[in-house]
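Report on one structure; see the data block that follows.
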Amino acid sequence: MFISQELRKTNIAEYLLYMWQVEDVIRAFGCQLSRIRREYVAQFDYSEEQREEVVDWYGNLIRMMNEEGCREKGHLQINRVTLQLLTELHLQLLASPKFPFYNTAYYKVLPFIVELRSRGANKEEGEIETCLNLLYGVMMLRLQKKEVTPNTQHAVKEISNFLGMLSDYYKKDKEEPLFTTP
């Protein structure tokens, strides 16, 4: 919870990856708050007040996952909306002549995105979601101590840089809108 609050302010792409991981942690504990409290939250060095805050947060996420039908797979609506906002900003940045460095970064990673989408099962997902799915998948491989090929490592580096730039623009846009709406 504390990490998510900080990431939401500083790096929206990392925030989404973290929240996807939280969803998977909840699933790993069978969406059971008692298990999360006992087997997961208890391992962290929190004060009693912090522990209760975190348990309440997990409880709310579990409730939302149940209500939204994503106990088994998928993402919470709050995460899907954040992804949609990030995607909309991405499209605005691409359409504007004011952000040539962003366009350059995008066209640098576009071949990776095309390749990933050609291999992926979900052809409907957007480009930003494709990028995030790559980073999340590689994170899972590393947690399982599985090999990541040099080509994939290169793609991860380039896509990470691109998403970092997008996240910076997202943060700037929240502080002072980059685009005016008519």
Side-chain angles (χ1 to χ4, degrees), residues 1-26 41 44-46 50 53-54 56-58 60-61 64-65 68 70 74-117 120 122 124-143 148 152-182:
M1 177 185 104
F2 304 112
I3 295 170
S4 72
Q5 291 170 339
E6 186 60 30
L7 287 175
R8 187 165 183 91
K9 289 184 242 173
T10 59
N11 189 315
I12 200 67
E14 287 182 13
Y15 165 81
L16 280 171
L17 293 170
Y18 178 79
M19 289 304 297
W20 289 1
Q21 185 178 20
V22 167
E23 291 168 343
D24 282 344
V25 166
I26 290 170
V41 175
F44 298 105
D45 189 28
Y46 292 141
Q50 289 173 318
E53 277 184 71
V54 170
D56 285 347
W57 183 67
Y58 274 103
N60 286 328
L61 292 173
M64 289 188 285
M65 288 174 78
E68 296 173 21
C70 57
H75 300 297
L76 287 165
Q77 182 67 22
I78 56 172
N79 296 331
R80 290 194 314 261
V81 167
T82 301
L83 177 59
Q84 181 60 38
L85 293 172
L86 197 56
T87 299
E88 289 169 7
L89 178 61
H90 162 69
L91 295 173
Q92 287 178 304
L93 291 166
L94 285 180
S96 173
K98 295 181 189 176
F99 303 95
F101 292 115
Y102 185 80
N103 272 276
T104 300
Y106 169 71
Y107 285 108
K108 188 174 182 181
V109 300
L110 185 57
F112 299 121
I113 295 169
V114 170
E115 183 178 346
L116 290 165
R117 291 178 89 179
N122 185 358
E124 300 300 313
E125 74 186 19
E127 293 173 329
I128 302 305
E129 187 173 3
T130 298
C131 292
L132 290 166
N133 278 331
L134 168 69
L135 298 184
Y136 192 77
V138 168
M139 183 176 72
M140 291 294 106
L141 287 173
R142 288 181 175 150
L143 285 172
V148 178
T152 301
Q153 290 175 19
H154 177 67
V156 165
K157 181 178 183 254
E158 297 299 331
I159 286 175
S160 293
N161 290 338
F162 168 68
L163 287 177
M165 184 182 289
L166 178 56
S167 291
D168 288 345
Y169 280 123
Y170 184 89
K171 183 180 176 188
K172 287 176 186 171
D173 189 54
K174 291 300 171 201
E175 293 165 357
E176 186 175 324
L178 299 172
F179 302 96
T180 55
T181 52

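The basis for the numbers below is simple: all heavy atoms, side chains too, and nothing from hydrogens, waters or symmetry mates. Fair warning: this is a prediction, and the values are worked out from it, not measured in the lab.
- If you check the side chains of Gln84 and Glu88, you find a donor sitting under 3.5 Å from an acceptor.
- Across all their heavy atoms, Gly126 and Arg117 have their closest contact at CA-NH2, 4.3 Å.
- Heavy atoms from other residues, nucleotides or ligands lying under 6.0 Å from NZ of Lys108 number 12 at most.
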Begin with the C-alpha distance, continue with both residues' side-chain angles, and end with the deciding distance and a verdict on side-chain contact (heavy atoms from CB on, under 4.5 Å) for Leu61 and Met19. CA-CA 10 Å; Leu61 292 173; Met19 289 304 297; 4.2 Å; yes
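- Between Glu14 and Leu7, the shortest heavy-atom distance links the atoms OE1-CD2, 3.4 Å.
- Between Leu89 and Leu93 the shortest side-chain heavy-atom distance falls below 4.5 Å.
- Across Val41 and Val54, no two heavy atoms sit closer than the pair CG2-CG1, 3.8 Å.
- Atom CG of Leu163 sits about 11.0 Å away from atom CG of Asp168, to the nearest 0.5 Å.
- Once rounded to the nearest 0.5 Å, the distance linking NZ of Lys9 with OG of Ser4 reads 10.0 Å.
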Step by step, would you call Trp20 with Asn133 a side-chain contact (heavy atoms from CB on, under 4.5 Å)? CA-CA 10 Å; Trp20 289 1; Asn133 278 331; 3.3 Å; yes
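- Distance alone, capped at 3.5 Å, is enough to place a donor-acceptor pair between the Glu23 side chain and the Leu76 backbone.
- Note: Phe99 and Phe179 have tilted aromatic rings, judged against thresholds of 30 and 60 degrees for the angle between ring planes.
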Residues Thr87, Glu129; criterion side-chain contact (heavy atoms from CB on, under 4.5 Å); working and verdict: CA-CA 8 Å; Thr87 299; Glu129 187 173 3; over 6 Å; no
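- The main-chain N or O of Glu6 is found under 3.5 Å from a side-chain atom of Thr10 such that the two form a donor-acceptor pair.
- Of the inter-residue distances, the one linking Tyr18 atom OH with Tyr136 atom OH reads 11.5 Å to the nearest 0.5 angstrom.
- The main-chain N or O of Gln77 is found under 3.5 Å from a side-chain atom of Glu68 such that the two form a donor-acceptor pair.
- Between the CD1 atom in Ile113 and the OH atom in Tyr107 there is a gap of 10.5 Å [rounded to 0.5 Å].
- Looking at every heavy atom in both residues, Leu132 comes nearest to Leu17 through O-CD2, 3.4 Å.
- Shown here for Glu125 and Thr130, the closest heavy-atom pair between the two residues is OE2-OG1, 2.9 Å.
- Using a distance-only test at 3.5 Å, with no hydrogens or angles considered, a donor-acceptor pair links the side chain of Ser167 to the main chain of Ala13.
- Annotation for Leu141: atom CG counts as buried by contact number, over 12 foreign heavy atoms lying within 6.0 Å.
- Classification of the Tyr106-Phe162 ring pair by plane angle, with boundaries at 30° and 60°, yields tilted.
- Between the side chain of Arg8 and the main chain of Tyr15, no donor-acceptor pair closer than 3.5 Å is present.
- Here the CG atom belonging to Leu94 is positioned 7.5 Å from the CD atom belonging to Glu127, to the nearest 0.5 angstrom.
- With a 4.5 Å cut-off on side-chain heavy atoms, Leu143 and Met140 count as touching.
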Could you walk me through whether Ile26 and Met65 pass side-chain contact (heavy atoms from CB on, under 4.5 Å), step by step? CA-CA 9 Å; Ile26 290 170; Met65 288 174 78; 3.6 Å; yes
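- In this structure, His90 has its ring center no closer than 6.0 Å to that of Tyr169.
- If you take CG on Leu86 and CG on Leu91, they are separated by 10.0 Å, rounding to the nearest 0.5 Å.
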